[in-house]
Amino acid sequence: METTFENNFKHTPVLLNECLQALNINPTGLYIDGTLGGGGHSIEILSRLTTGKLIAFDKDDDALSATKNRLKKFGDKVVFIKDDFKNMKKVLSDLGVKGVDGILLDLGVSSYQIDTPERGFSYRFDSILDMRMDKNSSLTALDVVNTYSKEDLIRILYNYGEESFAKSIVTKIIEARKLKKIETTGELVKLVESAIPKKFWGRGNVAKKTFQAIRIEVNGELEGLDKAINEMIDILNPQGRLAIITFHSLEDRIVKNVFKERSSNCICDKTIPFCVCNHKADVILVNKKPIEPTKKELDENTRSSSAKLRIIQKI
Ligand SMILES: C[S@@+](CC[C@H](N)C(=O)[O-])C[C@H]1O[C@@H](n2cnc3c(N)ncnc32)[C@H](O)[C@@H]1O
């Protein structure tokens, strides 16, 4: 199982050249990959380092063990950390790191996670409802679907999935779970299908938004993301870069707002006629508009389709 899963661990890195350019890599610098996954970005960063080092985070044990092996040739140039990147500031401080030259976040799930049925992320397979990136964390998709209140489920589907049929879907979920526990991704897909009139199914899978919403809840993906990004900016060395790839508008909005605030000389409410905040920008926006995949990349990797890359540089 271990070796086949290593071979199966495939993830095509998104916006690879754009990220490498964004990080403006100094061969002797210290870099952080907050979302190691299959190591596609990490390998290329490491190949550009001479005496520099990379610290790579992931909270998925499968990603860490497969990718550790893949990056073996880089020896002690790379350090692996099993933790949430939201704890980066503390982890780096415990390691005695005072500042870093670049940080990359490639948010969301890896292809390996989506394509492995037993991880329970995908509506394409019928498997147990799980969706945990960290298999040691306690909350699963099964818990969310079977124990959350009607109100909480509606809020999650609206807020995290931007699902306009949230109420009808949740009504079906509540009815179904009165009869028996909802156990599989297949059962959840069927409930979503029964809640949305066929003419509104649109392109892509009808359960996509529901699955996204539950996955975000299970992994606490948006919770504390703004705080974590602010802390990452704090630990950047002067001229250090932070590059973040997002895959949906909710994440992108959080990144955009933090970057906007940190790059503004005044964050006063617009109704105040003069500045009272004394806020000083400590970063510059490297790109005003997010970078998106080229047509070539979109043709070669459909999973890059909603990717947006935002970059800032510490002053
Ligand atoms: C999109 S994949 C990264 C792919 C990687 N850049 C590559 O090229 O192979 C995201 C990875 O980050 C991990 N991840 C997502 N959120 C995380 C978090 N808050 N803390 C640590 N790891 C996280 C996931 O487990 C997954 O392996």
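Both ligands and their constituent atoms are indexed starting at 1 by order of listing. Bear in mind that the values here come from a model prediction, so they are computed numbers and not experimental data. Reckoned from all heavy atoms, side chains included, excluding hydrogens, waters and symmetry mates.
Ligand 1 has no N or O atom lying under 3.5 Å from any N or O atom of Asp60, backbone or side chain. For ligand 1, the polar-atom distance check against Asp33 finds no nitrogen or oxygen pair separated by under 3.5 Å. Of the polar atoms of Gly38, at least one N or O is found under 3.5 Å from an N or O of ligand 1, judged by distance alone. Considering both main-chain and side-chain atoms, Asp58 comes within under 3.5 Å of ligand 1 through a nitrogen or oxygen pair. Annotation: Lys59 places an N or O atom under 3.5 Å from an N or O atom of ligand 1; distance criterion only. Checking only distances, Gly40 does come within under 3.5 Å of ligand 1, N or O to N or O. For Gly39, a nitrogen or oxygen atom sits less than 3.5 Å from a nitrogen or oxygen atom of ligand 1, counting backbone and side chain alike. For Ala63, no nitrogen or oxygen atom sits less than 3.5 Å from a nitrogen or oxygen atom of ligand 1, counting backbone and side chain alike.
Looking at Glu221 and Tyr160, their side chains never bring a donor and an acceptor atom within 3.5 Å of each other. Side-chain atoms of Arg310 and Asn287 form no donor-acceptor pair, as typed in the model, at a separation below 3.5 Å. Side chains of Asn237 and Asp101: a donor on one and an acceptor on the other come within 3.5 Å.
Heavy-atom separations between Leu107 and ligand 1 include at least one value shorter than 4.0 Å. Within the structure, the closest approach of Lys86 to ligand 1 does not fall below 4.0 Å when heavy atoms are considered. Within the 4.0 Å heavy-atom cutoff, Thr67 does not count among the residues contacting ligand 1. Heavy atoms of Glu221 come nearer than 4.0 angstrom to ligand 1 in no pair at all.
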Kindly list each side-chain donor-acceptor pair under 3.5 angstrom involving residues 200-208, sequence neighbours excluded, with atom names and distances?
| from | atom 1 | to | atom 2 | distance (Å) |
| --- | --- | --- | --- | --- |
| Trp201 | NE1 | Ile196 | O | 2.7 |
| Asn205 | OD1 | Ala207 | N | 2.7 |

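Atom NZ of Lys180 has more than 12 neighbouring heavy atoms from other residues, nucleotides or ligands inside a 6.0 Å radius.
A heavy-atom distance below 4.5 Å is not found between the side chains of Pro238 and Lys314. Side-chain contact between Ile284 and Ser263 is absent, with no heavy atoms from C-beta onward closer than 4.5 Å. In this structure the side chain of Phe74 never reaches within 4.5 angstrom of the side chain of Leu54, judged on heavy atoms.
Under 4.0 Å from ligand 1, the heavy atoms of Asp83 that appear belong solely to its backbone. When non-hydrogen atoms are compared, ligand 1 lies under 4.0 Å from neither the backbone nor the side chain of Asn219.
Atom numbering of ligand 1 starts at 1 in the shown order; those under 4.0 Å from a heavy atom of Asp106 are 1 (C), 2 (S), 3 (C), 4 (C), 5 (C), 6 (N), 10 (C). Less than 4.0 angstrom separates some heavy atom of Pro13 from each of these atoms of ligand 1: 8 (O).
Between Phe121 and Val109, the shortest heavy-atom contact is CE2-CG1, 3.5 Å.
Taken to the nearest 0.5 Å, the CD1 atom of Ile173 stands 11.5 Å off from the CD atom of Glu187.
For atom 10 (C) of ligand 1, the candidate residues are Gly37, Ser110, Gly108, Ser111; the nearest heavy-atom contact is made by Gly108.
If you chain together hydrophobic residues whose side chains sit under 4.5 Å apart, Val97 and Met232 fall into the same group.
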